[in-house]
Structure formats: structure tokens, C-alpha cells
Amino acid sequence: MEFRIALLPGDGIGPEVVAQAVKAVDAVCRKYGHSTVYREAPVGACAIEECGQPYPESTHRLCMDSDAVLFGAVGDPKYDNDPTAKVRPEQGLLSMRKQLGLFANLRPVETFPTLADKSPLKREIVEGADFLCVRELTGGMYFGEKGRLDGGDTAFDTNIYHRYEVERILRLAFGYAASRRGKLTVVDKANVLESSRLWRQIAQEMAPSYPDVEVEYMYVDNASMQLIRCPRHFDVLVTENTFGDILTDEASCITGSMGLLASASVGEHTSVYEPIHGSYPQAAGKDIANPLAAILSAAMMFEYSFHLPEEGRAIRKAVAASLDTGFVTGDLAADGRGFRTSEVGDRIAEYIANDK
């Protein structure tokens with residue numbers, strides 16, 4: 001098979017970690033007889049500098065013409081430290097999600113035995129945790145009407161959801177739960193928010209169509225506590241945009257490192273695969289960033305976009321071997337030193353090539 005892959009390295013450490021993901025993709029393709037055509041485009045701060053927009057039309061056309069997108073990160077201190085900036089790198093990410101119709105973000109959270117002690121939580125709490133967060137991506141406060149009143153002294157953000165938005169994300173979540181362990185947790189704030197009551201109403205209407213899925217409803221404040229108290233409780237967790245943004249970052253502490261969390265954004269058009277760690281500008285260009293989340297995002301690409309689970313497992317097995325042997329970057333190394341980003345990428349590609 002031939003795959004057309006759009007590369008959007010973006011800002012900060014994005015180019016470095018995407019380069020390692022490409023090494024893993026190439027190794028898998030050589031091993032299984034596939035070929036790839038890569039094309040690269042700007043997004044985020046680098047796109048603003050190049051053409052004035054964080055998600056240029058040319059970048060969008062490339063994404064639409066591709067089978068999948070490998071994305072790095074957006075963000076730059078130049079914009080973070082300027083609250084008056086009208087155009088921001090993060091707007092590029094939101095525009096990409098909206099224009100590609102990427103209404104669902106999938107974040108698997110799985111613990112690696114060798115890293116259980118890296119988590120701020122006790123080993124006996126995190127060991128064996130394995131769940132999938134399904135976050136709605138294109139609705140809610142991030143996309144609702146917003147503005148300032150009273151000369152700028154009053155601000156508002158509107159949290160709005162339509163039935164079709166809720167139905168499609170719940171349908172996806174029910175499907176994933178049915179293919180996993182058969183349990184779905186719907187997270188909302190239905191005791192306070194009208195939008196959450198709509199979510200809960202629709203979930204209750206849909207539940208009878210999935211008799212093999214056990215459904216529970218949990219307020220977001222309780223869910224944030226239970227993620228830390230008993231992460232093994234969860235199988236598939238689905239929630240709206242803002243809650244999902246917060247809860248998935250909280251869940252990153254379960255694995256022991258945000259540098260291990262991959263994600264997929266899926267929906268109407270080309271799916272986007274990205275690490276969740278952000279641009280980390282302090283490490284940019286130093287060859288010290290952890291590339292494992294980007295490499296695991298490539299594994300998700302094979303599984304979700306190309307429907308090639310064996311190829312995805314080959315990448316996951318190589319990542320696990322890298323962790324088991326301590327061939328990791330400094331953030332995960334026992335002595336705090338570790339190996340360079342590029343060295344870890346080379347080792348994983350080598351493992352994929354040589355594993356029988």
C-alpha cells in the first residue's frame with residue numbers, strides 16, 4: 001500500500017519529534033512492504049511568520065489531499081507573552097480541527113510497567129490502568145460566541161452544543177466501548193449546566209441501542225477525583241471540549257510522563273495524529289525532547305486511519321522495548337541523562353527492522 005502523509009511539524013520541539021515518528025513509519029513500511037509519500041506544510045507560529053496565518057489555505061489543501069496528518073505542536077513565547085496579539089499559533093490548531101471536521105479527540109492512557117514509579121501516584125494505583133478518553137473537539141466554549149462588554153471589564157464565553165454534535169461523538173464513544181471492555185463513562189455537569197443536561201439526555205436515549213455497553217454518568221468534579229483515586233475504573237470516558245481538555249491533561253500523570261501520550265483527532269475528513277505535550281520551546285533545537293508520544297501517534301495512525309493493527313503493534317512493541325532497556329531521553333532516564341531525541345528515534349526504527 002502507498003500512503004500519502006502530510007507532515008505538519010509546527011513549532012518548538014514539533015519538528016524534532018515528528019522526524020522520529022517518520023523514522024518509525026519508514027521502518028514499518030519497509031518491513032511490511034508499504035510505501036509513503038510525504039509532503040510538509042507550515043502551521044502555528046512558523047506559519048504566521050511565513051504567511052500571516054496560523055493555518056494557511058495551502059496547508060489545509062495538503063491535509064485534505066492526504067491519507068493522514070502527522071502533526072507536531074504549535075505555540076511560541078512571543079505570542080504567549082503578548083495578550084494583545086490578534087493572531088495566535090493556537091488558532092491554527094482550532095482552525096485545522098474545524099475545517100477538517102475533526103470532532104473527536106482520542107487519547108489512550110496506558111501504563112508501562114517500567115515507568116509506573118515515574119507517576120506521582122502510587123504504583124498500586126496506576127498499574128494496569130488502560131482507558132480511552134474521547135473528547136469532543138469542535139463545540140463548546142472554545143467555539144461559542146465570546147467577547148467583552150463594559151469597556152472590556154466584563155468578558156463572556158458561550159458554551160453551546162447542538163444535538164447532532166452530541167450524537168456523533170457519543171456514537172463514536174459507544175462504538176469504542178463495545179470494541180473494548182464494554183463500559184462507557186459519560187462525564188458532564190448536568191446538575192448545573194443546561195448543555196450538560198442535553199448531553200446526558202441524548203446519552204440516555206442512545207444507550208438502549210448498545211445493550212452490551214454498561215453506561216455510567218459522572219459529574220466532572222467527581223471524575224477528576226476518580227481518575228487519580230482509581231484510574232483502573234475507566235474503560236472509555238467521553239466528555240465535552242473544555243472538560244476533556246482538562247481531564248486528559250490530568251490523566252497524563254497516570255503514565256508517569258506527558259511525553260508518552262499520543263492522540264488522534266478524527267471526524268469528517270483527514271485524521272490528525274499528534275503528541276499532547278505541546279511545543280516545549282525551552283527544549284527546541286537541543287535534541288533532548290522525548291519523541292515517544294509522537295512515535296506512538298504514528299502507531300495510532302496505522303491503527304485508526306490505515307486499519308493495519310499489526311503495523312501499529314510493531315511500533316508499540318519497539319517503544320516498550322526502548323522503555324524496558326532504558327534507551328530513553330533524560331526526562332525518563334534513571335540517572336536524568338539518557339539519550340538524545342534522534343538516538344531514541346534511531347533505536348526504535350532499528351528495533352522495528354530487526355524484530356522477528
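Computed from heavy atoms alone, side chains included, the values below leave out hydrogens, waters and symmetry copies.
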Is there a side chain to side chain contact (heavy atoms under 4.5 Å, CB included) between V28 and I315? Walk through the geometry before answering. CA-CA 7 Å; V28 164; I315 295 177; 3.5 Å; yes
Walk me through it: do R39 and D65 pass the test salt bridge (charged side-chain N to carboxylate O under 4.0 Å, His left out)? CA-CA 10 Å; R39 292 180 63 193; D65 290 340; 5.2 Å; no
Does the side-chain hydrogen bond (donor to acceptor under 3.5 Å, both in side chains) test come out yes or no for T138 and E136, once each step is laid out? CA-CA 6 Å; T138 56; E136 202 287 325; 3.3 Å; yes
Go through the steps for F243 and R135 under the test side chain to side chain contact (heavy atoms under 4.5 Å, CB included), then give the verdict. CA-CA 8 Å; F243 296 161; R135 167 191 168 193; over 6 Å; no
From CA spacing to verdict: side chain to side chain contact (heavy atoms under 4.5 Å, CB included), C29, F302: CA-CA 10 Å; C29 286; F302 280 102; 4.1 Å; yes
Under the side chain to side chain contact (heavy atoms under 4.5 Å, CB included) criterion, do M64 and R61 qualify, and how do the steps go? CA-CA 5 Å; M64 289 291 289; R61 287 197 304 270; 5.7 Å; no
Assess the residue pair Y38 and D26 against the criterion (side-chain hydrogen bond (donor to acceptor under 3.5 Å, both in side chains)); give the C-alpha distance rounded to whole Å, side-chain angles, the decisive distance to 0.1 Å, and a yes or no. CA-CA 11 Å; Y38 298 110; D26 287 343; 2.6 Å; yes
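V266 approaches S271 most closely through the heavy-atom pair CG1-OG, 3.5 Å. Here the closest heavy-atom approach between residue A207 and residue V215 is recorded as CB-CG2, 4.1 Å. Nearest approach of K31 to I352, heavy atoms of both residues: NZ-O, 2.9 Å. L247 and L237 get closest at one heavy-atom pair: CD1-CD2, 4.5 Å.
A donor-acceptor pair is defined here as one N or O able to donate and one able to accept, closer than 3.5 Å; no such pair exists between the side chain of E194 and the backbone of S196. Between the side chain of N290 and the main chain of L292, a donor-acceptor pair closer than 3.5 Å is present. Of the possible polar contacts, one joining the N241 side chain to the L137 backbone as a donor-acceptor pair under 3.5 Å is found. Here the side chain of N159 pairs a donor or acceptor atom with the backbone of M141 at under 3.5 angstrom. Between the T341 side chain and the D287 main chain, a donor and an acceptor come within less than 3.5 Å of each other. When atom types are taken as modelled, the side chain of D11 and the backbone of C46 share a donor-acceptor pair closer than 3.5 angstrom. Looking only at distances, no side-chain donor or acceptor of K23 sits under 3.5 Å from a matching main-chain atom of E350. Not one N or O on the side chain of S297 forms a donor-acceptor pair closer than 3.5 Å with the backbone of A262. At distances below 3.5 Å, not a single donor-acceptor pair connects side-chain atoms of Q91 with backbone N or O atoms of L94.
Cation-pi contact between R88 and Y79: absent, since separation from the ring centre below 6.0 Å together with deviation from the ring axis within 45° is not met.
Of the charged side-chain nitrogens involved, at least one lies within less than 4.0 Å of a carboxylate oxygen, so that R316 and E303 count as a salt-bridged pair. The existence of a salt bridge linking R181 and D235 is confirmed by a sub-4.0 Å separation between a basic side-chain nitrogen and an acidic carboxylate oxygen. Ionic pairing of E310 and R313 is not present here: no N-O contact between side-chain nitrogen and carboxylate oxygen is shorter than 4.0 angstrom. Look at K78 and E49 and you find a salt bridge, because one of the NZ, NE, NH1 or NH2 atoms lies within 4.0 Å of a carboxylate O, short of that distance. The pair E205-R163 meets the salt-bridge criterion, since a charged nitrogen lies less than 4.0 angstrom from a carboxylate oxygen. A salt bridge links D130 with R180; the closest basic N to acidic carboxylate O contact falls under 4.0 Å. A salt bridge does not link R197 to D188: none of the charged side-chain nitrogens sits closer than 4.0 Å to a carboxylate oxygen. A salt bridge links D249 with R107: the closest approach of a Lys/Arg side-chain nitrogen to an acidic carboxylate oxygen falls below 4.0 angstrom.
Within a 6.0 Å radius of CZ in R232, more than 12 heavy atoms belonging to other residues, nucleotides or ligands are found. Residue R229 qualifies as open at atom CZ: its count of foreign heavy atoms under 6.0 Å is 12 or below. The neighbour count for E145 CD, taken as heavy atoms of other residues, nucleotides or ligands under 6.0 Å away, does not exceed 12.
Side-chain N/O atoms of H34 and E311 include a donor and acceptor closer than 3.5 Å. Side chains of R4 and S66: a donor-acceptor N/O pair is absent below 3.5 angstrom, by distance only. In this model, a donor atom of one side chain and an acceptor atom of the other lie less than 3.5 Å apart for D245 and Y142. In the model, E250 has no side-chain atom that pairs as donor or acceptor with a side-chain atom of T248 under 3.5 Å. A donor-acceptor pair shorter than 3.5 Å can be found between the side chains of Y273 and S305. E216 and H233 are linked by a side-chain donor-acceptor pair at a separation below 3.5 angstrom, with hydrogens and angles left out of the test.
The side-chain hydrogen bond (donor to acceptor under 3.5 Å, both in side chains) search around K146 returns none, not counting sequence neighbours. The side-chain hydrogen bond (donor to acceptor under 3.5 Å, both in side chains) search around K286 returns none, not counting sequence neighbours.
Checked against the 6.0 Å centroid threshold, F306 and F3 count as a close aromatic pair.
Of the inter-residue distances, the one linking I276 atom CD1 with S252 atom OG reads 5.0 Å to the nearest 0.5 angstrom. The structure places CD1 of I295 at 3.5 Å from CD1 of I348, a figure rounded to the nearest 0.5 Å. The distance from the OG atom of S322 to the CZ atom of F112 is 10.0 Å, given to the nearest 0.5 Å. Once rounded to the nearest 0.5 Å, the distance linking CG of L227 with CG of N222 reads 9.5 Å.
No side-chain heavy atom of F174 sits under 4.5 Å from any side-chain heavy atom of V134.
Between F339 and F327, the two ring planes are parallel [angle under 30°; tilted spans 30° to 60°].
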